[in-house]
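Only a predicted model underlies this, so the values are computations on that prediction, with no experimental measurement involved.
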Amino acid sequence: MSKNTPKAIRGTQDIFGSDADAFAHVVDTFERVRKLYRFRRIEMPVFEKTEVFARSLGETTDVVSKEMYSFEDRGGDSLTLRPEFTAGIARAYLTNGWQQHAPLKVGTHGPLFRYERPQKGRYRQFHQIDAEIIGAGEPQADVELLAMADQLLRELGIHDVTLHLNTLGDADSREAWRDALVKYFRAVKGDLSEDSQERLEKNPLRILDSKDRKDKPFLPDAPKIDEFLSDEARTFFEAVTSGLDAAGVKWVRAESLVRGLDYYRHTAFEFIPDEGSASADKLGSQSTVLGGGRYDGLIENLGGPATPAVGWAAGIERLAMLVGERDADIADVSIAVESDDLINTGISANTAIRAAGFSTEIIATGSPRKRFDKAAKVNAKVLLGISAQNGETVFNLRSAPGVEEYERIEAILKKLR
RNA sequence: GCGACCGUAGCUCAGUUGGUUAGAGCGCCGGUUUGUGGUACCGGAGGUCGGGGAUUCGAGCUCCCUCGGUCGCCCCA
């Protein structure tokens, strides 16, 4: 490789082979399950006006303040490559009058962009699948959404991942809890880790899931959200949990699970690999495989009417790491043209076999004597050698015993003559 | 943004305390053999050792800078 050759941008990936197959498998499975739950497919632009994200995620969040790919276009507008799906979907809901379809269940997938330090399961261009229910304020919507996520994971063959569930309460409950946490931690501020001292100002809820040894002694006695829940919020959460039980979705209560983005209310959740499981191993420190919650405040932030909504997103790369090796694509037929005179015969055979719906690979380059060996290395059900013997064209057809494609290919070749 | 480790052929990796022309396996291309569910042998192409600078008679190896990769922190899917 010349040193002039441009390199890929940091944190982007070129996905090939079995990785690409695993990626496609995740997307295909999502699409299938999506239809099972009657979520409608939507396609969204990859960029939006910067304010769409700034207003909905909150100016002070890390995502907005230091991770967005923002730029000015030629008309002078500030645009941003989407760092997440929800804000754009909320914007589309308002600008397209999708209120008329409420409650609206939608799903999409595609690339997202965040300027972060790449590491395992984390990229600057990454991909998510996403599901949202907009305009539904009842806990059944949360249950529906979580049941879908749970089934998706099971259909992907991922069984060592568990739903961690929490409630952040309504806006008032959340504020009261937050104030109590700040008060509690401020009293011991000097003993907290540096990170947590900073979090105390910016994002006190985050202290609860700090990994720092210095913080741990203070966590068990920290105020619990349950003490601040309004009756309404409590009833809501109970309806979610009992609904999950009825749907057969396993869950555990995670009192310290919070969401980083400001717009979340009530239900918050993450699917996390069980400790010591194979999935936990494969993901390293990027443990959350699917996460989301209720964001009743977001659409108002964008200037719309008060509109309740719930949603989740899952990293396709992370899921792909968990689904393991996919079976490689097997060709139906591998064709070796063992003489240059017969290349057109090979092309005709190739066309006829493909027209009948069989996948083929044709080997007609390089040393004629080695073409059969090359064709044999293609993972194919049927192997076809085309060679000349005593001036006659010979089709040498081979397969393992009982391969049903064999006879149909043989019939196609007979018609060819 | 912070920290640790790592960059040698297309891939996986050797390369001694700094010392001739940097190697192997696989893959690729070709020849011969075999004459068919993946043969064997022989040969060939392919490297400014990530890039730049410094030290030295001499650097793949030491030092500095830089770019990239991997993993962790932060944050998050």
Side-chain angles (χ1 to χ4, degrees), chain A residues 1-13 16-17 26 57 60-68 82-86 109-131 149 161 193-196 198-199 202-203 205-207 209-213 257-261 269-273 283-293 311-322 334 336 338 363 365-385 387 389 394 396-401 403:
Chain A
M1 183 174 58
S2 154
K3 69 179 177 186
N4 299 324
T5 306
K7 290 181 198 130
I9 291 168
R10 176 166 221 194
T12 64
Q13 8 163 36
F16 173 78
V26 170
L57 306 192
T60 61
T61 55
D62 277 18
V63 172
V64 171
S65 62
K66 47 190 190 195
E67 294 176 1
M68 294 204 302
R82 63 185 180 196
E84 60 129 43
F85 277 117
T86 307
H109 63 83
L112 292 315
F113 305 85
R114 249 120 97 159
Y115 189 87
E116 291 186 283
R117 195 73 183 268
Q119 75 196 59
K120 188 179 221 176
R122 167 199 253 180
Y123 306 94
R124 289 186 173 179
Q125 177 178 335
F126 60 105
H127 302 80
Q128 286 184 346
I129 51 180
D130 181 278
V161 159
S193 67
E194 260 180 62
D195 280 336
S196 286
E198 217 172 289
R199 281 190 275 236
K202 275 179 58 184
N203 198 355
L205 307 200
R206 275 280 160 204
I207 300 175
D209 58 0
S210 168
K211 293 167 195 162
D212 198 297
R213 182 167 296 168
L257 189 153
V258 297
R259 304 269 76 202
L261 306 177
F269 53 85
E270 291 179 9
F271 283 80
I272 300 174
L283 286 174
S285 70
Q286 310 305 314
S287 53
T288 301
V289 108
L290 183 152
W312 56 251
I316 298 176
E317 287 88 349
R318 290 184 191 177
L319 289 171
M321 283 191 268
L322 301 188
S334 175
E338 298 186 82
I363 309 291
T365 57
S367 168
R369 307 180 108 167
K370 290 186 174 169
R371 289 180 198 166
F372 194 90
D373 283 346
K374 275 202 244 177
K377 283 183 185 167
V378 173
N379 191 5
K381 294 177 192 162
V382 179
L383 181 54
L384 170 61
S387 56
Q389 279 169 32
V394 177
N396 176 13
L397 199 60
R398 303 185 58 85
S399 78
V403 169

### Query
Planes under 30° and centres closer than 5.5 Å, is that true for A:Phe126 with the base of B:A77?
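Stacking between A:Phe126 and B:A77: present.
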For [N], take OP1 and OP2 only and decide whether either is under 4.0 Å from a side-chain N or O of [X].
| X | N | value |
| --- | --- | --- |
| A:Lys211 | B:C74 | yes |
| A:Thr61 | B:C75 | no |
| A:Ser285 | B:G72 | yes |
| A:Gln119 | B:G72 | yes |
| A:Arg369 | B:U32 | yes |
| A:Arg206 | B:C76 | yes |
| A:Arg117 | B:G72 | no |
| A:Arg10 | B:C67 | no |
| A:Arg259 | B:A77 | yes |

### Message
By the 4.0 Å heavy-atom rule, please label A:Val63 as base, sugar-phosphate, or nothing.
### Response
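Contact class for A:Val63: none.
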### Message
Under 4.0 Å, heavy atoms only, any strand: does A:Glu338 hit a base, just the sugar-phosphate, or nothing?
### Response
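Base contact.
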What is the distance from [atom1] of [X] to [atom2] of [N], rounded to the nearest Å?
| X | N | atom1 | atom2 | answer |
| --- | --- | --- | --- | --- |
| A:Arg124 | B:G69 | CZ | C1' | 13 Å |
| A:Lys120 | B:C74 | NZ | P | 17 Å |
| A:Asp62 | B:C73 | CG | C1' | 13 Å |
| A:Arg371 | B:G30 | CZ | P | 9 Å |
| A:Arg122 | B:G1 | CZ | P | 13 Å |
| A:Leu283 | B:C71 | CG | P | 11 Å |
| A:Phe16 | B:G10 | CZ | P | 16 Å |
| A:Asp195 | B:C75 | CG | C1' | 10 Å |

### Task
State plainly whether the residues A:Arg259 and A:Glu270 are in salt-bridge range, i.e. N to O under 4.0 Å.
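So A:Arg259 pairs with A:Glu270 through a salt bridge.
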### Task
Could you tell me whether A:Asp62 and A:Lys202 have a side-chain N and a carboxylate O separated by less than 4.0 Å?
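Salt bridge: yes.
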What interatomic distance, in whole Å, is found between [atom1] of [M] and the corresponding atom of [N]?
| N | M | atom1 | value |
| --- | --- | --- | --- |
| B:U55 | B:C67 | P | 23 Å |
| B:A45 | B:A24 | P | 12 Å |
| B:C64 | B:C6 | P | 13 Å |
| B:C42 | B:U33 | P | 16 Å |
| B:U8 | B:G46 | C1' | 14 Å |
| B:C61 | B:G3 | C1' | 26 Å |
| B:G27 | B:C11 | C1' | 7 Å |
| B:C13 | B:C57 | C1' | 32 Å |

Side-chain atoms of residues 371-378 of chain A: list all donor-acceptor pairs with protein atoms under 3.5 Å, sequence neighbours left out, distances to 0.1 Å.
from     : atom 1 : to       : atom 2 : distance (Å)
A:Arg371 : NE     : A:Thr365 : O      : 3.4
A:Arg371 : NE     : A:Gly366 : O      : 3.2
A:Arg371 : NH1    : A:Val337 : O      : 2.7
A:Arg371 : NH1    : A:Asp340 : OD1    : 3.3
A:Arg371 : NH2    : A:Asp340 : OD1    : 2.8
A:Arg371 : NH2    : A:Gly366 : O      : 3.0
A:Lys374 : NZ     : A:Thr365 : O      : 3.4

Between the protein and nucleotides 39-45 of chain B, list the N/O to N/O atom pairs that are separated by less than 3.5 angstrom.
none

### Message
Check whether A:Glu317 reaches the backbone of A:His127 with its side chain - one donor and one acceptor, N or O, closer than 3.5 Å.
### Response
yes
### Query
With pairs taken as Watson-Crick or G-U wobble and both distances under 3.5 angstrom, which stems of at least three consecutive pairs involve RNA chain B?
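The stems are B:1-7 with B:67-73, B:10-13 with B:23-26, B:28-32 with B:40-44, B:50-54 with B:62-66.
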### Task
Using the closest heavy atom to pick a nucleotide of RNA chain B for each, name whichever of A:His127 or A:Val378 lands nearer the 5' end.
A:Val378
## Note on the structure
Of A:Phe372 and A:Pro118, the one whose nearest nucleotide on RNA chain B sits closer to the 5' end is A:Phe372
